[in-house]
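What follows is a set of notes on a single structure, which appears directly below.
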Amino acid sequence: MVTLDDLQVRSLGTSTIDSPLALYVGGRETNEYYVGETDRILYDDTLELIAARGVPLEELPTFEAGGPRRKIFFDPATTRVGVVTCGGLCPGLNDVIRAIVLELDTHYGVRDVVGFQHGYAGMVESNGHEIVSLTPEYVARINERGGTILGSSRGAQDPGLIVDRLVELGIDILMVIGGDGSMRGAHNIGAEIERRGLTIGIVGVPKTIDNDIPHIGQSFGFSTAFAKAAESIKAARVEVEAAVGGVAIVKVMGRHAGFIACYAALANHDADFVLIPEVQFSLDGDNGLLSLLSRRVRERGSAVIVLAEGAGQDLIPASDRTDASGNAVLGDIAGFLRDQITKDFANRGQALTMRYFNPGYAIRSVPADASDSVYCTRLAQTAVHAAMAGRTDMVVGRRRHRFVNVPIPFVTSGSHSVSPDGDLWLSVLESTAQPFSMS
Ligand code: ATP
Ligand code: MG
């Protein structure tokens with residue numbers, strides 16, 4: 001049960017410095033721009049949920065509103081900010097870096113921003129990565145490129161050595177753009193800072209191409225990613241329709257959450273089956289994938305399967321390998337399905353032309369589309385407002401169209417996935433006409 005305490009964002013101290021916003025908007029009345037401390041955003045989104053809590057209004061779980069504050073904690077003239085990107089690539093990373101630098105410069109007048117290269121590894125001095133000076137000129141057009149101009153990495157790093165480096169470089173605020181692992185890392189760095197009694201803020205912009213970080217709304221880059229995946233599904237549809245007994249498997253990202261598969265499939269209704277980690281399926285039996293697929297190809301001439309990489313892992317031997325950050329390496333479900341389908345169609349004496357599409361890296365590496373660029377910019381601006389106001393150990397998110405500040409432990413304590421009983425999965429079933437249960 002979520003409580004108000006879970007949602008309290010930590011501050012480094014009392015904010016005493018007047019925000020430069022008044023200067024910035026030319027002496028206009030600025031009240032309407034500032035967020036107030038009482039302007040909190042409800043966690044629950046239905047009257048029923050609120051009523052069920054049976055607590056007074058002020059005890060309801062609510063988020064701190066994101067946005068500019070009347071008083072700030074850090075003096076822009078002397079503030080030095082570091083930026084780091086960690087984990088896998090995702091559309092929009094460069095938009096976030098750019099917007100952090102521009103917001104610091106334009107709104108707050110912070111001129112000293114540096115980038116660490118190759119993730120947390122680049123923050124450990126002995127790894128020998130130079131820091132980069134991030135000026136408005138340097139970042140001006142980086143949003144036109146995919147990837148991250150700072151580079152990224154996986155693998156554990158000692159938070160003690162990272163804090164040593166922050167102190168040595170005189171960094172006041174560290175902005176971390178990364179996934180669940182990066183946010184756990186950021187929390188550990190924040191804990192080490194607190195243990196040493198330092199006043200260094202850590203603010204994250206959560207990155208997850210799988211859209212699997214909970215409570216923050218849709219993650220940046222997700223809509224660009226599924227639009228790109230939808231292009232491959234469309235191409236697959238064209239291929240299978242031209243072939244005799246055409247069957248395509250389109251493998252998309254989604255280790256534990258099938259959001260990309262679901263949204264990409266819904267984008268153009270070209271999928272016949274969507275397989276995601278959250279919904280188990282069998283191969284055999286009348287209601288298993290192989291029979292259903294055979295029938296679909298007989299009835300319609302072809303079929304397209306959209307496969308999230310983490311789907312059907314219970315059907316193949318577990319891999320005991322892990323990547324540098326300790327994440328389990330998934331088994332090759334696409335290869336397994338290809339073999340099984342080929343064998344099954346041969347046994348049935350049914351014609352088959354198998355096509356395999358793996359757009360994974362192409363999806364990750366594209367620049368953000370216009371909508372994601374706007375979203376990245378606004379998330380980054382929210383993160384800068386929070387950081388300048390002395391907030392720490394937190395990430396930004398957007399709940400029901402309101403930007404919010406959220407404590408890191410709250411977003412790393414669980415993960416977001418497609419509910420098999422929810423309306424998204426129902427939409428997918430309606431679009432594909434695949435049965436509710438394939439087992
Ligand atoms: P994604 O999974 O979306 O690619 P991520 O941020 O989860 O992004 P990881 O490779 O898991 O990617 O982690 C990135 C960095 O975060 C690593 O360099 C590692 O040092 C750190 N990290 C990962 N997991 C943890 C953890 N449990 N505790 C502390 N630090 C972690
Ligand atoms: Mg991760």
Side-chain angles (χ1 to χ4, degrees), residues 1-17 19 34-43 58-75 79-84 86 100 104 108 110 120 123 159-160 162-163 166-167 171-206 213-217 379-399 402-414:
M1 183 87 143
V2 176
T3 67
L4 181 56
D5 275 350
D6 297 329
L7 304 181
Q8 297 293 1
V9 173
R10 194 149 73 78
S11 279
L12 292 167
T14 312
S15 292
T16 56
I17 299 168
S19 159
Y34 295 122
V35 292
E37 299 315 320
T38 54
D39 177 22
R40 296 188 64 94
I41 287 99
L42 286 170
Y43 175 79
E58 62 279 10
E59 285 173 30
L60 284 172
T62 51
F63 291 99
E64 178 173 276
R69 296 189 135 70
R70 185 177 303 278
K71 296 278 183 188
I72 56 176
F73 181 79
F74 286 107
D75 178 358
T79 297
R80 183 168 224 207
V81 179
V83 184
V84 66
C86 317
I100 287 172
L104 283 165
Y108 288 99
V110 173
Y120 288 140
M123 300 187 67
I162 289 177
V163 175
L166 291 173
V167 172
I171 303 277
D172 301 291
I173 295 169
L174 177 66
M175 310 289 293
V176 180
I177 312 162
D180 54 335
S182 307
M183 293 311 148
R184 289 192 179 91
H187 177 70
N188 291 350
I189 297 167
E192 178 64 17
I193 288 168
E194 195 181 16
R195 202 182 60 76
R196 295 191 195 180
L198 302 168
T199 43
I200 302 174
I202 303 228
V203 172
V205 180
I213 298 187
H215 312 299
I216 57 155
L379 281 171
Q381 290 171 336
T382 306
V384 167
H385 291 314
M388 290 303 291
R391 301 298 190 267
T392 191
D393 196 18
M394 59 149 273
V395 297
V396 289
R398 193 186 197 188
R399 292 273 296 192
R402 287 292 309 271
F403 288 95
V404 291
N405 300 337
V406 187
I408 290 179
F410 191 61
V411 294
T412 53
S413 62

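These numbers come from a predicted model, not from an experiment. FYI, side chains are in, hydrogens and waters are out, and symmetry mates aren't considered; it's all heavy atoms of this structure.
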Is there side-chain contact between M175 and V384, with at least one heavy-atom pair below 4.5 Å? yes

Of V395, V9, D6, I213, which is the lone residue that meets side chain to side chain contact (heavy atoms under 4.5 Å, CB included) with V406? V395

In terms of the angle between their ring planes, are F63 and Y43 parallel, tilted or perpendicular, with boundaries placed at 30° and 60°? tilted

Specify the closest pair of heavy atoms between Y34 and R69, including all atoms of both residues, with the distance to one decimal. CD2-C, 3.5 Å

Under 4.5 Å between any side-chain heavy atoms of T79 and Y108, yes or no? no

Main-chain N/O of A186 paired to Y120 side chain as donor or acceptor, under 3.5 Å: yes

Side chain to side chain contact (heavy atoms under 4.5 Å, CB included) between I177 and V83: does it pass, once the steps are laid out? CA-CA 8 Å; I177 312 162; V83 184; 4.0 Å; yes

Taking NZ, NE, NH1 and NH2 as the nitrogens, is one of them in R391 or E37 under 4.0 Å from a carboxylate oxygen of the other? yes

Roughly how far, to the nearest 0.5 Å, is CD of E58 from CG of L4? 9.5 Å

Taking R10 for the side chain and D393 for the main chain, is one N or O donor matched with an acceptor at less than 3.5 Å? no

Is there a donor-acceptor pair under 3.5 Å between the side chain of R196 and the backbone N or O of G160? yes

Looking at L12, is its backbone amide N or carbonyl O close enough to the side chain of T392 to form a donor-acceptor pair, meaning the two atoms are under 3.5 Å apart? no

Give a yes or no on whether the backbone of R80 and the side-chain of D172 come within a donor-acceptor separation of less than 3.5 Å. yes

Can any side-chain N or O of T412 pair as donor or acceptor with the backbone N or O of D180 at less than 3.5 Å? no

Might you work through the side chain to side chain contact (heavy atoms under 4.5 Å, CB included) test for R402 and D39, ending with a clear yes or no? CA-CA 11 Å; R402 287 292 309 271; D39 177 22; 2.9 Å; yes

State, to 0.1 Å, how close S15 and A389 come at their nearest heavy-atom pair, and which atoms those are. OG-O, 3.1 Å

